[in-house]
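Every value quoted in this text rests on a predicted model; they were computed, and no experiment measured them.
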Amino acid sequence: MRLHAAISAAALLAGAVNADAESVVSEASSAVASEATSSTTSSIELATFTPTSIKGDFVEQFTDDWETRWKASHAKKDTKGTDKDAEEWSYTGTWSVEEPTVYKGMEGDNGLVMKSVANHHAISAKFPKKIDNKGKTLVVQYEVKLQDSMSCSGAYMKLLRDNKALHQDEFSNASPYVIMFGPDKCGSTNKVHLIINHKNPKTKEYEEKHLQSPPAARIVKTTELYTLIIHPNNTAIIKLNGEQVKEANLLEDFTPAFNPPKEIDDPKDSKPETWVDEARIPDPAAAKPEDWDEEAPFEVVDEKAEKPEDWLESEPLTIPDPESKMPEDWDEEEDGDWVAPTVPNPKCDDASGCGKWEKPMIKNPEYKGKWSAPLIDNPDYKGVWAPRKIKNPDYFEDKTPANLEPMGAIGFELWTMDKDILFDNIYIGHSVANAEKFAQETFFEKHAIEQLLELAEKPKEDDKPKSPSDLVFMDDPIHYVKEKLDLFFTIAQSDPIQAIKFVPEAAGGLAAIFVTFLAIIVGVVSMGGSTPPPKVKKAAADAKAAAVDAKDKAAEAVASGTEQAKAEVNKRSTRSTS
């Protein structure tokens, strides 16, 4: 039994030393990590997409027949009136309908995806019939998924004004719209737009009304749900993921206001020449005091100052650098006399100063500066002048700006610097309850799953790298052995003694292997004085060869470059303090 055990131990140890220890441990560690990740993600069961039965004026889930409704535009972007009049921008950005590639929370759930980077995109779909919300609540709801985040892109939609000239081929930034709603971010700008195009009943001209203090968009890679509700009582509500984040009054919280002011400044009125609008004036009765010296300097020499006893007046502030030498290739005939560079005089460091001493300057106690008369209240002051008010000839009062213009289509007209922005599950109608039920069937079915997938990607607190000295063998034997051996060989490349001191576990383990080999070989050879069997001879020979190979590898590790070792140690120090 002892002979059999000795042979088995020799074979096992020989194989372990002969193998590349770092490679074996690395592969084992990777396999464990891969299995853990696979187990985490595979345990999450995805919901399966089912087309909704909920009705609305326009409900879009980008099913197989989506191309019968949506059409991309390749019009030229209208740049009239801007500083880009000479440029011609085409809507060349490409669109695709596909499943998400990041944090997919539902099987078979396709969305409309902007595929191009640094491109203008435009696509639209006509409503089955125009949407008129007069006297009704309007609900606009859709999902946005920023699969590549959002650095400088728009992800808002436009509800286009219903008119006979609405051609999808020509859809562009110049196409008239009624509502613009959704997230937009570029640099420090981050907001959820709500812009309403409002018609002046007198001039029949349209003007954009912008929501004041809009909420910020959520820049995450999970699906986010944006909901806009405009009630007939002129209240606008914005929800993110079903939670209200903004409530606004159309008559009070938009700029410019939906209704103009009743009175305006009279453009013909002007300030009279005799109008006095200076509230305070210099006191005309004040006179400059006789002892006021305007010529007195701001600073004077401190006559009381005395030179410090340790001041080295004979020492210069700088001296030629004593360690500097004339370059060997310096030719004084061609290059001129060589002059050593100067350095600060070290003698001045231990003294109050060097060089010529002069009395310092101090603030002049007699300095008063330029005299000016004190200010007093102006007895002729009439107040701040303002033109008189007159009735606004363009005044009108729209008591129900929530009654929007009829809408005939939806469109995405966007510039993006981020790829794969996805839109899905659009609901446009008049029922808040239906919109909420639609969200329950779609967004809330997958959002929690997406968050779990995102969470599974993030390293847990316990998974963060620890210092090798803090590792415990029983917590993770593979990681323990890998880190200890890796650290030992790294330090040994520059200082073997320090490697033994700092990682005694690795040094002791390697020493034990050599001792075990020697004990096995001696034990096998000395058994009964008889000639060992061929298998024992081979095991002993393999063990010896493995030991020699291990020794050579250790020597090679110690002989490798010092600079590489320092870099590795720095890398580990950084990781251990994270």
Side-chain angles (χ1 to χ4, degrees), residues 20-23 26 118 151 187-188 297-364 417 465-469 482-504 506-507 510 548-578:
D20 185 346
E22 292 185 49
S23 175
S26 176
S151 59
S188 60
F298 179 74
E299 289 184 325
V300 293
V301 176
D302 184 3
E303 298 296 345
K304 296 180 181 179
E306 295 182 357
K307 183 175 71 173
E309 294 181 358
D310 63 342
W311 190 278
L312 305 177
E313 202 160 14
S314 61
E315 288 288 342
L317 291 173
T318 59
I319 60 171
D321 185 357
E323 297 182 1
S324 179
K325 297 181 180 179
M326 184 175 69
E328 295 180 358
D329 59 348
W330 188 278
D331 188 338
E332 291 192 336
E333 291 184 1
E334 294 184 2
D335 301 328
D337 294 336
W338 180 79
V339 178
T342 58
V343 295
N345 189 345
K347 294 182 180 180
C348 300
D349 294 338
D350 300 326
S352 296
C354 293
K356 183 181 179 182
W357 181 82
E358 294 180 349
K359 291 184 177 183
M361 303 292 288
I362 60 172
K363 184 178 179 180
N364 184 2
M417 288 297 294
K466 298 179 181 179
S467 168
S469 60
K482 179 182 184 302
E483 289 292 322
K484 292 293 184 179
L485 286 176
D486 193 16
L487 182 60
F488 177 84
F489 285 120
T490 299
I491 300 175
Q493 291 177 15
S494 58
D495 192 337
I497 302 301
Q498 287 299 322
I500 295 172
K501 288 181 178 179
F502 195 76
V503 198
L510 293 173
V548 172
D549 183 57
K551 182 180 178 182
D552 292 341
K553 282 189 174 181
E556 182 182 350
V558 173
S560 62
T562 303
E563 292 300 320
Q564 181 180 357
K566 289 181 179 178
E568 288 294 323
V569 171
N570 288 337
K571 180 176 71 176
R572 291 192 154 276
S573 298
T574 303
R575 184 171 64 182
S576 67
T577 57
S578 64

Exercise for review: Would you name the heavy atoms of N345 and P316 that are closest together and state the gap between them?
Suggested key: ND2-O, 2.8 Å

Point to revise | Smallest separation among heavy atoms of P327 and W338, with atom names | key: CD-NE1, 3.4 Å

Point to revise | Over all atoms of both residues, closest heavy-atom pair of S352 and D310 | key: OG-OD1, 2.7 Å

Check your understanding: Within the distance-only criterion (no hydrogens, no angle test), does the side chain of W311 pair as donor or acceptor with the backbone N or O of K356 below 3.5 angstrom?
Key -> no

Check your understanding: Who are the side-chain hydrogen bond (donor to acceptor under 3.5 Å, both in side chains) partners of K363, not counting sequence neighbours?
Key -> none

**Study point:** Flag side-chain contact, heavy atom, 4.5 Å: T318 against V343
**Key:** no

Point to revise | CD-SG distance between E315 and C348, expressed to the nearest 0.5 angstrom | key: 6.5 Å

Point to revise | Nearest-0.5 Å distance, CE of residue M326 to CG of residue D335 | key: 9.5 Å

Exercise for review: Please test V301 against M361 for side-chain contact (heavy atoms from CB on, under 4.5 Å), starting from the C-alpha separation and ending with a verdict.
Suggested key: CA-CA 4 Å; V301 176; M361 303 292 288; 3.6 Å; yes

Exercise for review: Could you pull out the closest heavy-atom pair between P341 and S324, with the gap in Å?
Suggested key: CD-OG, 3.2 Å

**Study point:** Residue pair T342 / I319, side-chain heavy-atom distance below 4.5 Å
**Key:** no

Review point. Does atom CD of E309 have more than 12 heavy-atom neighbours, drawn from other residues, nucleotides or ligands, at distances under 6.0 Å?
Key: no

Review point. So which heavy atom on W357 is nearest to which on A305, and how close?
Key: CH2-O, 3.9 Å

**Study point:** D302 to K359 - nearest heavy-atom pair and separation
**Key:** O-CD, 3.5 Å

**Study point:** Residue E313 excluded, over 12 heavy atoms near CD under 6.0 Å
**Key:** yes

